[in-house]
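Comments concern the structure below.
Naming convention: chains lettered A, B, ... in sequence-line order (proteins, then strands); numbering from 1 in each chain.
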Number of protein chains: 2
Amino acid sequence: MVAVSTIAIEEQTFTIAEVAEKTGVSAHALRYYERIGLLEVGRQASGHRRFTGHDVDRVVFIGRLRATAMPIREIQRYFALVAGGPGTEDERLALLQAHHATVRAQLRDLEAALDAIEHKIARYGGSCSP
Amino acid sequence: MVAVSTIAIEEQTFTIAEVAEKTGVSAHALRYYERIGLLEVGRQASGHRRFTGHDVDRVVFIGRLRATAMPIREIQRYFALVAGGPGTEDERLALLQAHHATVRAQLRDLEAALDAIEHKIARYGGSCSP
DNA sequence: CCTTGACTTAGAGCGTGCTCCAAGCCTTAG
DNA sequence: CTAAGGCTTGGAGCACGCTCTAAGTCAAGG
């Protein structure tokens, strides 16, 4: 029987600069997110942050929520639920679904506004309006 | 021969409150837009603003640009071109087209982020990430 | 040993886009 | 005449989301 290789115990970790690079979230923003409780990152003996893969995933997810303009407050509520453990999953789901619906609606409005702008571009010659 | 009725000379005008109501842009914002040169609105003898239909159209258009997150600065540049007369139409068109491209790109990113969130919603049970 | 450079912290500062305030003027109703 | 209500102005204030500063620590390279 072939020995099963030991599962990686020491997970790879990343510095704040590496995470900034990987995720496109600035180091400043990462520290800010930690301060306001969106992230809880471990430290080396030196005090420097070490982001686990899990932490990086969370940053990516936060990035997506921000990219869809979810207010920081709501993201805080979301992660407060996550911290609250498995009993909060229904509520988390509801929160994400509500956000999803909001964004879909915004998308529709955006499309509509963009179409109007496109029309204006198409029949250009008009000087300013509708 | 039937007499052709005189064309309406006195165009209908609107108060700031009416325009706010019609366009969804607050009266505060309308005054702000005027202050920063996006709008130039006539006055009654009393000093009260009177918005013409043309003005209202412009407000609607500004609303659309804002709805698509065009920065105020760029909207200012646009209307500076409009004020510059017919010689600036190519430049205006270019500005709108550039904005259009930007928004389309943002739309794509937004869709992508939203899809990722949807996936998370779909296989909910995950505690926080990608 | 010293420098370089990435990191740490608390806290201040900033850009955007409104939003609100205070003081005052007009108009209309009672 | 008076009071209410909507408007005017310049300027201050605000919410959001970072972004930057200052002062200091730490590790590695020359």
Residues in side-chain contact (heavy atoms from CB on, under 4.5 Å) with [X], at least two apart?
X: B:Glu40; value: none
X: B:Thr68; value: A:Leu110, A:Ala113, A:Ile117, B:His99, B:Val103
X: A:Arg77; value: A:Glu74, A:Leu95
X: B:Thr52; value: B:Glu11, B:Thr13, B:His54, B:Asp55

(message) Counting the benzene-type ring for Trp, do A:Phe79 and A:Tyr33 have ring centres under 6.0 Å apart?
(response)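 No; A:Tyr33 has its ring centre 6.0 Å or more from that of A:Phe79.
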(request) Could you encode protein contacts along nucleotides 25-30 of chain D as a string, one character per nucleotide from 5' to 3', using B for base contact, S for sugar-phosphate-only contact and - for no contact, with a heavy-atom cut-off of under 4.0 Å? (result) -S----
(request) Quickly work out the B:Tyr33 OH to D:dT9 P distance and round it to whole Å. (result)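 Rounded to the whole Å, the gap is 17 Å.
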(request) Please state how far atom CD in A:Glu74 lies from atom P in D:dA15, giving the value in whole angstrom units. (result)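 From A:Glu74 CD to D:dA15 P: 18 Å.
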(message) Assuming nearest nucleotide by heavy-atom distance, tell me which of B:Ile72 and A:Arg50 is located more 5' along DNA chain C.
(response)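 This one resolves to A:Arg50.
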(message) Please list, in numerical order, the residues of residues 35-44 of chain A that have a heavy atom closer than 4.0 Å to any atom of DNA chain C.
(response)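 Correct list: A:Arg35, A:Arg43.
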(request) State plainly whether one hydrophobic cluster holds both A:Leu93 and B:Leu114, where clusters connect Ile, Leu, Val, Met, Phe, Trp and Tyr through side-chain heavy atoms under 4.5 angstrom apart. (result)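 No, separate clusters.
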(request) With a 4.0 Å heavy-atom cut-off, tell me which residues in residues 23-32 of chain A come close to DNA chain D, sorted by residue number. (result)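 Of all residues in residues 23-32 of chain A, the ones placing a heavy atom under 4.0 Å from DNA chain D are A:Ser26, A:His28, A:Ala29, A:Tyr32.
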(request) Output all residues satisfying salt bridge (charged side-chain N to carboxylate O under 4.0 Å, His left out) with B:Glu111, sequence neighbours left out; order by chain, then residue number. (result)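 With sequence neighbours excluded, B:Glu111 shows a salt bridge (charged side-chain N to carboxylate O under 4.0 Å, His left out) to A:Arg104, given in chain and number order.
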(message) Holding to salt bridge (charged side-chain N to carboxylate O under 4.0 Å, His left out), I want the full list of residues that pass it with B:Arg43, two or more places apart in sequence or in another chain.
(response)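 B:Arg43 satisfies salt bridge (charged side-chain N to carboxylate O under 4.0 Å, His left out) with B:Glu34 only.
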(request) Count the heavy atoms of every other residue, nucleotide or ligand shown that sit under 6.0 Å from CD of B:Glu91, and state whether that count exceeds 12. (result)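 Count not over threshold, so no.
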(request) Count the heavy atoms belonging to other residues, nucleotides or ligands that lie under 6.0 Å from CD of B:Gln97, then report whether that count exceeds 12. (result)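 Yes, because the 6.0 Å sphere around CD of B:Gln97 holds more than 12 heavy atoms from other groups.
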Side-chain contact, heavy-atom cut-off 4.5 Å: [X] with [Y]?
X: A:Val82; Y: A:Thr88; result: no
X: B:Val41; Y: B:Leu30; result: no
X: B:Thr15; Y: B:Arg50; result: yes

(message) Using five pairs at each end of the helix from C:dC1-D:dG30 to C:dG30-D:dC1 to define an axis, what is the angle between those two axes, to 10°?
(response)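 The value is 10°.
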(message) Under 4.0 Å from a heavy atom of chain A: give me the 5'-most and 3'-most nucleotides of DNA chain C that qualify.
(response)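 The contacted stretch runs from C:dC7 to C:dG11.
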(request) Let me see the working for B:Ile72 and B:Ile36 under side-chain contact (heavy atoms from CB on, under 4.5 Å), right down to the final yes or no. (result) CA-CA 9 Å; B:Ile72 292 277; B:Ile36 64 173; 3.4 Å; yes
(request) Would you list the pairs meeting salt bridge (Lys or Arg N to Asp or Glu O under 4.0 Å) in which at least one residue belongs to residues 20-32 of chain A, sequence neighbours left out? (result)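 Found none.
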